[in-house]
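The next block holds one structure in the form of structure tokens; read it before the comments.
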There are 2 protein chains.
Amino acid sequence: MTVSRVLRNRGDVSAATRERVLTAAKELGYVPNKIAGALASQRVNLVAVIIPSLSNMVFPEVLSGISQILEDTDLQPVVGVTDYLPEKEEKVLYEMLSWRPSGVIIAGLEHTDAARAMLKASGIPVVEIMDTDGNPVDAMVGISHRRAGREMALAILEAGYKKIAFLGTKMPLDHRARKRFEGFTEALAKSGVEVCEREFYSGGSALAKGREMTQAVLERTPDIDFIYYSNDMIGAGGLLYLLEQGVDIPGQIGLAGFNGVELLQGLPRQLATMDACRLDIGRKAAEIIARRVTEESVDTEIALSPTISYGDTLRRP
Amino acid sequence: MTVSRVLRNRGDVSAATRERVLTAAKELGYVPNKIAGALASQRVNLVAVIIPSLSNMVFPEVLSGISQILEDTDLQPVVGVTDYLPEKEEKVLYEMLSWRPSGVIIAGLEHTDAARAMLKASGIPVVEIMDTDGNPVDAMVGISHRRAGREMALAILEAGYKKIAFLGTKMPLDHRARKRFEGFTEALAKSGVEVCEREFYSGGSALAKGREMTQAVLERTPDIDFIYYSNDMIGAGGLLYLLEQGVDIPGQIGLAGFNGVELLQGLPRQLATMDACRLDIGRKAAEIIARRVTEESVDTEIALSPTISYGDTLRRP
DNA sequence: TTGAGTGATGTTATCGCGAACATGATTCAG
DNA sequence: CTGAATCATGTTCGCGATAACATCACTCAA
């Protein structure tokens, strides 16, 4: 018992015994068994973080925001990856919940019924992140992708572009990309404009895909004057390709991506984009969990507002 | 007890009761408590994976290799990030070991004494990955970065380059980058060549840094004819910069990076590089853990051989 | 001198499950 | 028809810590 007190800095222990315990522990290479500790105390200092992918760069950044905040608490993030598959999300969630974490941060608002039920039944704080177009189980932090698509559409129209193409990922599973696309086409439609070309990819090097798709749509429809990419990586690929072709950007063709990834800073031209507030989303989500764990109550719906960065590839209004 | 048997598919349970249990569990939203299960069975199906960073792209790929293999077992990876800090590594390791995982996969061979002691004392399989220049606590899977540096040096010399610069990360904490650099300079020295310029960065967008540093060294030493970058991202930045400047590559200046990242495929020219076998490292490491957990004994030292890819930026021999 | 207060340490029960063994029912070979 | 094997289910105990309470020694004010 005294050992337990020393190792947790709890209760009164004389300096002498504390010292003895500490040296003995070091000597024996003793590592306390958190499993037993958690079972006895009914507390687990883990926060389940469930995201679709680690190779998207977006998610490591969210994670980094989460870590920043949790580092000042005794909570620890544990990551699960779903590969954008609802069934895998359900499985991962089940696995994580069976460890009785102190909270869950999960990407997206779309989950299987079973997953949603588990989240509700878990009795722990749940923050759904990235997206705010929908109803959260508990709390949510993110941006409206529909609005992001709309705003980009308006900026493009305002800049005078008319023949607009959309290049993106195959979207059945990426709801946020889908919502951006929907918002985008909606806003164009209101001005009587229709996307004149669209192309979707999956897998492969995004940069290379951006090139290929850009080339493909321009071959089919040479008079395109704007291309909206569903992410910056393929946008960067397209930008590199068009520059090589000697196309005047943003005069002849304008370009925009989405995410505001750091990578863009090294490109020959700054691609127009929209910041997805990734770091902030992670931080805010972690804050909600941290507060909730300490019994405070908090705002549960936070919609951040991304702003357009015009870069060098979209004429300013 | 019967419930336990049903939920773990162990022992005999009649189809009827199994059914009853399953429906009851679903109805109640029952999620078994792994904490108690682990405590009772002394088995935890987690594998601790400890890596320096998630934003390096190298590590997500290693992780993906690990996941691929572990998916066919009942093991699950749990990731800890150290930010290249030895003390944080120690802390993360301690935290993870206190959950009594079934195995540890940890990047690098350099750890604090305490960390090494914990690994030894843990009594579970430990695989140190990425690097083979040193002595593992238990098993190791990786490539020799020293040799990678040497081989690149030889290829460069063979191609006839003479004024060679090195651009990389600030290395005190990135031992693998350091070893590559050491192998590189060593091999050059054997041919009486010395690196004529070197520059190190930390933080920021790697692509942008690659540009800046390339510009900087060329301003200082305009007659450089080869630049070896410690990773592909800064190499890509340098490549983009030099192409903009209208430099003849690989005639006037040759370039090479390291890692073989997918990104390169979308660049205007293919950067010379060396594959770090990331996916393979992850797979092999996971295999070792999986085998060991099932009592099989396995090879414990696996050195993979990366090969040079000449791309378009290094003259072929 | 006393007894309340505090500081340091010990004791016991408990967390929710699984291992090991126990039990009762059924099957089946000889 | 019997005894052994098999199947289905139940019982008991213990995993390694913590919560809650208990104990004992000591201090100090009234």
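Lettering of chains follows the sequences in order, A, B, ..., and the numbering in each one begins at 1. Predicted model, so just to flag it, every value in this text is computed and none were measured.
Straight-line distance from the CZ atom of Arg10(B) to the C1' atom of dA8(D): 17 Å, rounded to whole Å.
Toward the 5' end of DNA chain C, the nearer of the two residues Tyr30(B) and Arg20(A), judged by each one's closest nucleotide, is Arg20(A). Comparing Ala15(B) and Arg100(B) against DNA chain D, the residue whose closest nucleotide sits nearer the 5' end is Ala15(B).
In the helix from dT1(C)-dA30(D) to dG30(C)-dC1(D), the rotation axis of the first five pairs and that of the last five pairs differ in direction by 40°, rounded to 10 degrees.
Identified under the salt bridge (charged side-chain N to carboxylate O under 4.0 Å, His left out) test for residues 133-146 of chain B, with sequence neighbours left out: Asp138(B)-Arg292(B), Arg146(B)-Glu182(B). Applying the salt bridge (charged side-chain N to carboxylate O under 4.0 Å, His left out) rule to pairs touching residues 95-111 of chain A yields Glu95(A)-Lys34(B), Glu110(A)-Lys179(A), sequence neighbours excluded.
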Determine, step by step, whether Tyr84(B) and Asn56(B) satisfy the side chain to side chain contact (heavy atoms under 4.5 Å, CB included) criterion, reporting the C-alpha distance in whole Å, the side-chain angles of both residues, the deciding distance to 0.1 Å, and the verdict.
CA-CA 11 Å; Tyr84(B) 289 100; Asn56(B) 196 322; 3.3 Å; yes

Run the numbers on His111(A) and Arg116(A) for side chain to side chain donor-acceptor pair (under 3.5 Å), then give the verdict.
CA-CA 6 Å; His111(A) 315 291; Arg116(A) 205 183 305 274; 5.4 Å; no

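Using a 4.0 Å cutoff to heavy atoms of chain A, the contacted part of DNA chain C runs 5' to 3' from dG7(C) to dG16(C).
Residues from residues 32-44 of chain A that place a heavy atom under 4.0 Å from any atom of DNA chain C, listed by number: Leu39(A), Ala40(A), Gln42(A).
At least one donor-acceptor pair under 3.5 Å links the side chain of Thr23(B) to the backbone N or O of Glu19(B).
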Look for any protein N or O under 3.5 Å of an N or O in nucleotides 20-25 of chain D and output each such pair with its distance, or none.
none

